[in-house]
Amino acid sequence: MFSLQSLIRPNILALQPYSSARDEFKQDSNQIADLANFTFLDANENSLGSVIGNFHRYPDPLQQQLKKEIAQWRGVQPNQIFLGNGSDEAIDLLFRIFCEPQQDHVITLPPTYGMYEVAANINNVKIKKISLTADYQLDTNKILQAIDKQTKLIFVCTPNNPTANSIDPASIHTLLAQFQGLVVVDEAYIDFADSPSWVSKLSHYPNLVVIQTFSKAFGLAALRLGMAFASPEIIAYFNKVKPPYNINAETQRLALQVFAKKDQVQRQIATIKTEREKLRQALNFLPLVEKIYPSDANFLLVKVQNADNLYQKLIQQGIVVRNRSKVTLCEGCLRITVGTPEENKKLIESLKQM
Ligand SMILES: *Cc1c(COP(=O)(O)O)cnc(C)c1O
């Protein structure tokens, strides 16, 4: 049986969270309808205002307006959403809420996103690594064998970075059903995939956490805005532990603006997917390309002859790709982000010269 309480670190269970001036005011003002006419002398803000714009009030610590939009878009309730300063904040909080340093551990499935390991190291939490299979799928039996009482989190990235493929849903269902800790499904690239989001399975699985980001499909990497979706009970622990004002007012305002332009974002996603397939075809013709892996993301993993050399030559041409040639199971591979049509042409032209 899944028990959330038994997974939480004792110090977090016992934690008395920070209570801000506005939190306390809101608790004491339930009965009052119109808050706009209040004189706010409770938070030591600069009452004269900021000299560069409307910035002098602390932002909404729970980002309620923005969460309402996200909830509608993803078909969940606002209390199933955590917003972080990048999805990296959600990943870090998972460690801080669930993993007792030097005692608990997590499972990662390399080759995958490097941040899980860094967050584990920062939090002094051990990792068990279970490699993906040769076709970049989960080795479900090995993962299940590696689980013990101290296993708190399993990170599954789908579509996976850097391999670009989606993970077979059946194997994720198996983990969710058999594992009593949390299965963290990182969907940073889900908008470029044809498969549905795991967010729709949240009501089936109390141990599911889905991570998404505004950095990729939404084109807002500079804002630093990430999401975690989970049960209201898990999200309540995120809210308890997070810095009170972790998402600044400008980020909340700008992210709301992008929801008014969702159609444009959808068109961009369609363009990127078309460009991805055009890039695949063009690369396929080049003799130095040995293999292009299937992609459900906005990048291609490409096996080439002499990857290190090619990477350096591209830099000399002013083109930067990611060299993954030293990564186990990605030997000889470059990871290439889909660019604009012009950028992709420039890349192909440069490669043709080599
Ligand atoms: C890019 C990426 C993220 C996004 O991280 P942010 O901190 O939200 O920018 C998360 N997970 C994976 C696998 C990624 O590749």
Side-chain angles (χ1 to χ4, degrees), residues 63 66-67 70 73-74 81-96 106-123 127 129 132 136-138 153-167 172 182-193 195 197-199 208-230 238 242-243 246-248 251-252 254-255 258 265 268-269 272 276 293 295-301 320-324 327 329-330 333-339:
Q63 311 96 24
L66 182 52
K67 281 181 184 168
I70 297 171
W73 166 58
R74 284 306 199 203
I81 305 170
F82 162 79
L83 296 180
N85 184 4
S87 23
D88 296 344
E89 185 178 13
I91 293 166
D92 182 61
L93 281 176
L94 283 167
F95 281 95
R96 295 206 281 155
V106 304
I107 294 179
T108 65
L109 312 169
T112 192
Y113 186 46
M115 208 50 213
Y116 315 134
E117 180 164 3
V118 174
N121 289 339
I122 290 169
N123 287 286
I127 323 176
K129 295 185 188 180
L132 296 179
Y136 298 150
Q137 291 297 329
L138 304 192
L153 312 169
I154 302 177
F155 287 94
V156 182
C157 187
T158 181
N160 186 39
N161 178 5
T163 61
N165 63 300
S166 292
I167 301 298
I172 300 178
L182 299 189
V183 177
V184 182
V185 177
D186 187 341
E187 293 188 332
Y189 300 97
I190 188 66
D191 298 290
F192 304 106
S195 42
S197 166
W198 280 86
V199 164
L208 172 62
V209 177
V210 180
I211 288 178
Q212 294 182 1
T213 180
F214 282 84
S215 297
K216 308 285 159 64
F218 276 83
L220 295 176
L223 287 194
R224 311 307 304 130
L225 186 59
M227 299 165 264
F229 300 90
F238 274 93
K242 80 181 183 71
N246 61 327
I247 307 296
N248 70 66
T251 296
Q252 294 185 44
L254 292 167
V258 95
V265 175
Q268 281 194 335
I269 292 168
I272 290 168
R276 177 182 74 200
Y293 289 86
S295 174
D296 276 332
N298 64 341
F299 58 87
L300 292 173
L301 186 72
V320 192
V321 300
R322 194 87 196 262
N323 187 354
R324 300 280 78 183
V327 174
L329 290 179
C330 296
C333 287
L334 302 178
R335 194 193 71 189
I336 304 177
T337 306
V338 177

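Atoms within a ligand are numbered from 1 in the order they appear, just like the ligands themselves.
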Where's the contact between [X] and ligand 1, heavy-atom distance under 4.0 Å: side chain, backbone, both or neither?
{"X": "Asp88", "result": "both"}
{"X": "Lys216", "result": "side chain"}
{"X": "Tyr189", "result": "side chain"}

Atoms of ligand 1, numbered as shown, that sit under 4.0 Å from any heavy atom of [X]:
{"X": "Ser215", "answer": "6 (P), 8 (O), 9 (O)"}
{"X": "Ala188", "answer": "2 (C), 3 (C), 10 (C), 11 (N), 12 (C), 14 (C)"}
{"X": "Gly86", "answer": "7 (O), 8 (O)"}

### Message
Would the distance check show the side chain of Tyr136 and the main-chain N or O of Leu329 forming a donor-acceptor pair, the cut-off being under 3.5 Å?
### Response
yes

What are the two closest heavy atoms between [X] and [Y], and how far apart are they?
{"X": "Asn160", "Y": "Tyr113", "result": "OD1-N, 4.5 Å"}
{"X": "Val265", "Y": "Ala217", "result": "CG1-O, 3.7 Å"}
{"X": "Ile211", "Y": "Ser87", "result": "CG2-CB, 3.5 Å"}
{"X": "Cys157", "Y": "Thr112", "result": "CB-OG1, 3.4 Å"}

### Task
Say whether Cys157 and ligand 1 are in contact under the criterion: heavy-atom distance to a ligand atom below 4.0 Å.
yes

### Query
Does ligand 1 have an atom under 4.0 Å from some heavy atom of Arg224?
yes

### Check: Phe192 ring centroid to Phe299 ring centroid under 6.0 Å
no

### Summary
Value for CG (Leu94) from CZ (Phe82), rounded to nearest 0.5 Å, stands at 9.0 Å

### Message
If you measure every N or O of Tyr116 against every N or O of ligand 1, does any of those distances drop under 3.5 Å?
### Response
no

### Message
Within the supplied structure, the quantity of interest is the number of heavy atoms (other residues, nucleotides, ligands) at a distance under 6.0 Å from Arg74 CZ; does it exceed 12?
### Response
yes

## Note on the structure
Ranked by distance from atom 4 (C) of ligand 1, the top protein heavy atom is Ser87 OG, 3.3 Å

### Task
List the closest protein heavy-atom neighbour of atom 11 (N) of ligand 1: residue, atom name, distance to the nearest 0.1 Å.
Asp186 OD2, 2.7 Å

